Amino acid sequence: MNTRDQATLALGASETGEATLRGVVRTIVWQNGEKTFTVAKLLALDGREHIVVGDLGSTAPGEQVRVAGKWEEHKSHGKQLRAALCVPELPSTPDGIARLLGSGFVDGIGPGLAKRLVASFGSATLDVIADHPERLREVDGIGPERARRIQETFRARRAESETKSFLQAVGIGPALGQKVFKRFGDETSRVVKEDPYRLAAEVAGVGFLTADRIGRSLGIKEDDPRRARAAVRHLIVEGGDNGHTALPPGLLAEGAVELGIPIAKLESAVEELVREKVIVRERELAYHPMLYRAECSLAERLSKMMGEGCDAVEPSVWREPSVEQAMAKLSPAQRSAVESALQSAVFVLTGGPGTGKTTTVNAIVAIARAAGWKLVLCAPTGRAARRMTEATKEPAKTIHRALEWNPRLQRFARDTVQPLDADLVLVDESSMLDVPLAARLVEAVRHGARIVFVGDADQLPSVGPGMVLADLLATPWIPSVRLREVFRQASASAIVRSAHAVLTGALPESSPPRDDATAGPPTGELFWIKVDEIDRAAELLVETVARRIPRRFSLDAVKDVQVLVPTHKGPLGAQALNVALQRVINPSAPAATAMREGEPVRARLAAGDKVMQLKNDYDLDVYNGDLGTVTRVESNAVVANMDGREVLFNGESKESLALAYAATVHKSQGSEYDAVVIGLHTGHFVLLNRALLYTAITRAKRLAVIIGSERAVKMAVQNTRTGERHGALRERLRLGAPAAHNG
């Protein structure tokens with residue numbers, strides 16, 4: 001295409017809003033660490049310069065590219081092309097070749113050598129490098145070995161460029177294309193053409209829908225067996241993400257229909273995957289093999305522990321002054337819990353706020369100390385472990401740290417072969433335990449030791465698959481105690497009263513109005529600001545967090561206050577609220593002043609921002625739900641203080657870091673905050689239930705504020721369903737009762 005054609009194309013595109021430009025990347029104005037969002041200046045072939053934004057992959061200055069997208073007018077940055085496609089191209093002119101080679105495209109060639117090569121070979125330079133490397137020795141400074149390395153590097157880069165062009169042609173963007181190429185290398189094009197569904201199975205970030213779109217574009221028919229198998233794999237993995245350890249036939253068929261898989265092909269796909277051991281089927285349930293092994297192991301190990309029993313506490317221990325003092329503080333129900341916990345190999349303690357779980361746990365710990373037992377105290381999250389340490393004065397760890405996760409080997413060091421050196425393992429916040437983690441923990445309890453699960457059964461179930469605490473409580477042969485009495489001191493708290501009211505289906509109870517002239521800091525207070533209009537609710541929430549609470553209660557908006565909402569999306573969702581709160585609380589942050597539509601929020605983190613880890617990262621020793629504060633932002637990395645420890649996030653690890661001024665209620669499990677602000681609206685109706693509201697309220701220690709409509713709160717307290725979870729742990733536990741408990 002000549003210069004005149006390029007100019008005509010660009011002019012026509014500006015009128016229609018769509019454009020395709022070819023040109024050379026002059027500079028990278030800004031790029032996030034994952035290279036999923038870039039702002040670049042492109043010198044088009046018609047000589048004009050344009051701003052291009054979007055996913056441009058690893059595009060570097062000097063590279064020639066073809067960019068397709070839409071023109072848009074940004075209020076702060078003016079006219080720019082938002083790229084939907086960015087394909088690298090090899091230049092054909094001497095100037096273009098010199099720019100490409102001088103950009104660092106080929107290791108060992110800098111700007112000076114690039115000019116000498118082009119001066120010697122002109123527009124044939126790239127062909128000489130690829131096919132006649134011996135001729136490179138005609139240029140001063142290039143010997144045989146260097147010529148060979150230049151050829152190898154160029155061929156590899158050219159193959160990578162051509163492969164990524166192919167991937168973009170089938171709809172895989174630059175950032176995802178990099179992951180695909182990293183997995184399959186030079187075989188990428190062949191793999192994608194032969195079986196695009198391998199991408200969904202083997203590349204993180206490629207789901208079934210993406211692979212299916214590619215497959216259909218390559219001519220794969222609706223009833224192709226590869227498509228059905230990939231859909232079943234996808235549904236099994238998605239089931240785990242939705243809390244199921246297994247899928248029953250009906251749910252599997254329902255999912256297949258939604259994906260457009262002919263039911264006639266479903267059974268044969270399942271049977272083939274079972275033969276290939278990609279999935280496991282038992283009792284008509286379809287499992288991911290890892291979840292199947294974990295569910296079986298957890299049930300079998302608990303049954304074995306109860307069957308073997310444990311040593312009794314020496315009678316003299318009960319007469320120790322420290323033990324008598326601890327027991328004297330307990331109610332009859334608490335005393336029963338302590339005695340059962342110490343007499344059983346497996347025990348479950350549950351109860352809501354103000355019912356004395358902490359006092360009961362402290363008594364168990366005091367007796368274990370007096371008996372000379374070795375203790376391991378643990379919890380699913382770092383924040384919960386620290387709270388456990390504060391309450392018991394004993395060191396507590398995350399479960400992952402207690403089990404000594406080895407990032408290099410990708411496994412726990414503590415297991416059945418090398419169990420925990422503990423006579424008593426006490427795990428708090430057990431409502432957060434999913435089946436895989438519970439299985440690993442129980443497997444690491446040594447012969448003759450005890451494990452005590454402590455948690456609030458009325459909270460939301462775990463984010464991961466299963467309902468471990470509920471299933472343990474439903475098992476007759478596992479002893480348990482539910483503490484129900486709310487003690488007088490705790491009942492003075494409106495937070496505690498409201499939490500228990502919600503469990504009975506009643507509305508939360510607000511505190512009486514404060515006299516701000518004389519009132520001190522809040523102590524268990526709850527306020528409900530009733531507002532029906534969702535946008536107004538969002539405005540009030542931001543105002544309350546950023547200004548009202550700090551002014552009235554002397555609480556820090558970042559350190560002390562946490563916003564909790566049911567969902568990520570919508571005006572009263574975590575994503576929108578995070579951007580709005582960042583603008584007010586941390587106005588110096590780039591996202592507060594220069595946010596580009598479609599740009600990942602985490603790409604614009606700044607010093608002072610409140611952040612949350614979104615998934616377990618065993619290498620960095622940070623876990624799903626951990627909170628921190630950004631201390632500094634470097635060129636390609638973010639450094640954050642995560643609970644008193646500085647952690648460097650870069651590359652892929654940075655992808656799991658997000659703003660956390662607002663978070664979903666699920667993400668808050670295991671945490672407590674001085675103040676919680678809860679946003680609720682009828683637009684959240686799909687997620688509104690009693691457990692969600694109860695969990696949100698009980699995250700607050702000193703102050704809870706509900707901002708939302710009365711109808712939404714009523715919907716929450718009246719809905720006792722938290723969503724059915726499929727699996728067979730409860731049945732396995734029932735059928736696997738130890739001999740002494742059968743009959």
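Given the structure is predicted, the values throughout are model-derived calculations rather than measurements.
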Which atoms form the tightest heavy-atom contact between [X] and [Y], and what is the distance?
| X | Y | answer |
| --- | --- | --- |
| His50 | Trp71 | ND1-CH2, 3.4 Å |
| Ala68 | Thr20 | CB-OG1, 3.8 Å |
| Gly570 | Ala576 | O-CB, 3.5 Å |
| Ile109 | Ala114 | CG2-N, 3.9 Å |
| Leu627 | Ala660 | CD2-CB, 3.6 Å |
| Ile172 | Gly177 | CG2-N, 3.5 Å |

Roughly how far apart are [X] [atom1] and [Y] [atom2], rounded to 0.5 Å?
| X | Y | atom1 | atom2 | answer |
| --- | --- | --- | --- | --- |
| Arg82 | Lys70 | CZ | NZ | 11.5 Å |
| Phe184 | Thr163 | CZ | OG1 | 12.5 Å |
| Thr544 | Glu539 | OG1 | CD | 11.5 Å |
| Thr398 | Trp405 | OG1 | CH2 | 12.5 Å |
| Gln80 | Glu72 | CD | CD | 4.5 Å |
| Ser668 | Arg383 | OG | CZ | 10.5 Å |

For [X], enumerate each residue passing the side chain to side chain donor-acceptor pair (under 3.5 Å) test, keeping only those at least two apart in sequence or located in another chain.
| X | answer |
| --- | --- |
| Glu152 | Arg148 |
| Gln178 | Lys164 |
| Gln562 | Lys610 |
| Arg226 | Asp224 |

| query | Where do Leu113 and Arg146 land on the side chain to side chain contact (heavy atoms under 4.5 Å, CB included) test, with the steps shown first? | reply | CA-CA 12 Å; Leu113 181 55; Arg146 191 176 187 187; 3.5 Å; yes
The criterion is side chain to side chain contact (heavy atoms under 4.5 Å, CB included); which residues satisfy it with [X], sequence neighbours excluded?
| X | answer |
| --- | --- |
| Glu194 | Arg190 |
| Ser123 | Pro94 |
| Ala98 | Val118 |
| Asp556 | Val558, Lys559, Asp560 |

| Ile707, Val584, Val677, Leu540 screened by side chain to side chain contact (heavy atoms under 4.5 Å, CB included) with Val545, the one that passes |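 Looking at Ile707, Val584, Val677, Leu540, the match for Val545 under the side chain to side chain contact (heavy atoms under 4.5 Å, CB included) is Val677.
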Checking [X] side chain against [Y] main chain: does a donor-acceptor pair fall under 3.5 Å?
| X | Y | result |
| --- | --- | --- |
| Asn586 | Gln582 | no |
| Thr93 | Gly96 | yes |
| Lys667 | Leu614 | yes |
| Asn578 | Tyr661 | yes |
| Thr631 | Val639 | yes |
| Thr153 | Ile150 | no |
| Asn406 | Arg411 | no |

| message | Apply side chain to side chain contact (heavy atoms under 4.5 Å, CB included) to residues Asp621 and Met642 and explain how you reach the verdict. | response | CA-CA 10 Å; Asp621 199 19; Met642 305 297 290; over 6 Å; no
With the side chain counted from C-beta on, respond yes when [X] and [Y] share a heavy-atom pair under 4.5 Å apart, and no when they do not.
| X | Y | value |
| --- | --- | --- |
| Leu235 | Leu259 | yes |
| Phe181 | Asp186 | yes |
| Phe121 | Ile97 | no |
| Val191 | Val180 | no |
| His234 | Ile261 | no |
| Leu126 | Leu101 | yes |

| For His400, ring-ring contact (aromatic ring centres under 6.0 Å, His included) partners two or more places apart |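 Listed in chain order: Phe412, Tyr618, Tyr623.
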| With sequence neighbours excluded, residues passing salt bridge (charged side-chain N to carboxylate O under 4.0 Å, His left out) with Glu49 |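 Arg26.
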| Intermediate values then yes/no, side chain to side chain contact (heavy atoms under 4.5 Å, CB included), Arg216 and Glu222 | CA-CA 8 Å; Arg216 301 307 294 275; Glu222 184 181 80; 3.9 Å; yes
Check: residues 196-215 side-chain donor-acceptor pairs under 3.5 Å, at least two apart:
residue	atom	partner	partner atom	Å
Tyr197	OH	Asp212	OD1	2.6
Arg198	NE	Glu202	OE2	2.8
Arg198	NH2	Glu202	OE1	3.4
Arg198	NH2	Glu202	OE2	3.3
Glu202	OE1	Arg183	NE	3.2
Glu202	OE1	Arg183	NH2	2.5
Asp212	OD1	Arg227	NE	2.7
Asp212	OD2	Arg227	NE	3.3
Asp212	OD2	Arg227	NH2	3.1
Arg213	NH1	Val170	O	3.3
Arg213	NH2	Gly171	O	3.4

Please list, one pair per line, the donor and acceptor atoms closer than 3.5 Å that link side chains of residues 127-142 to other protein atoms, with sequence neighbours excluded.
residue	atom	partner	partner atom	Å
Arg135	NE	Glu138	OE2	3.2

| said: For Val25 and Lys41: C-alpha separation, side-chain torsions, deciding distance, then whether side chain to side chain contact (heavy atoms under 4.5 Å, CB included) applies. | reply: CA-CA 6 Å; Val25 177; Lys41 289 183 179 179; over 6 Å; no
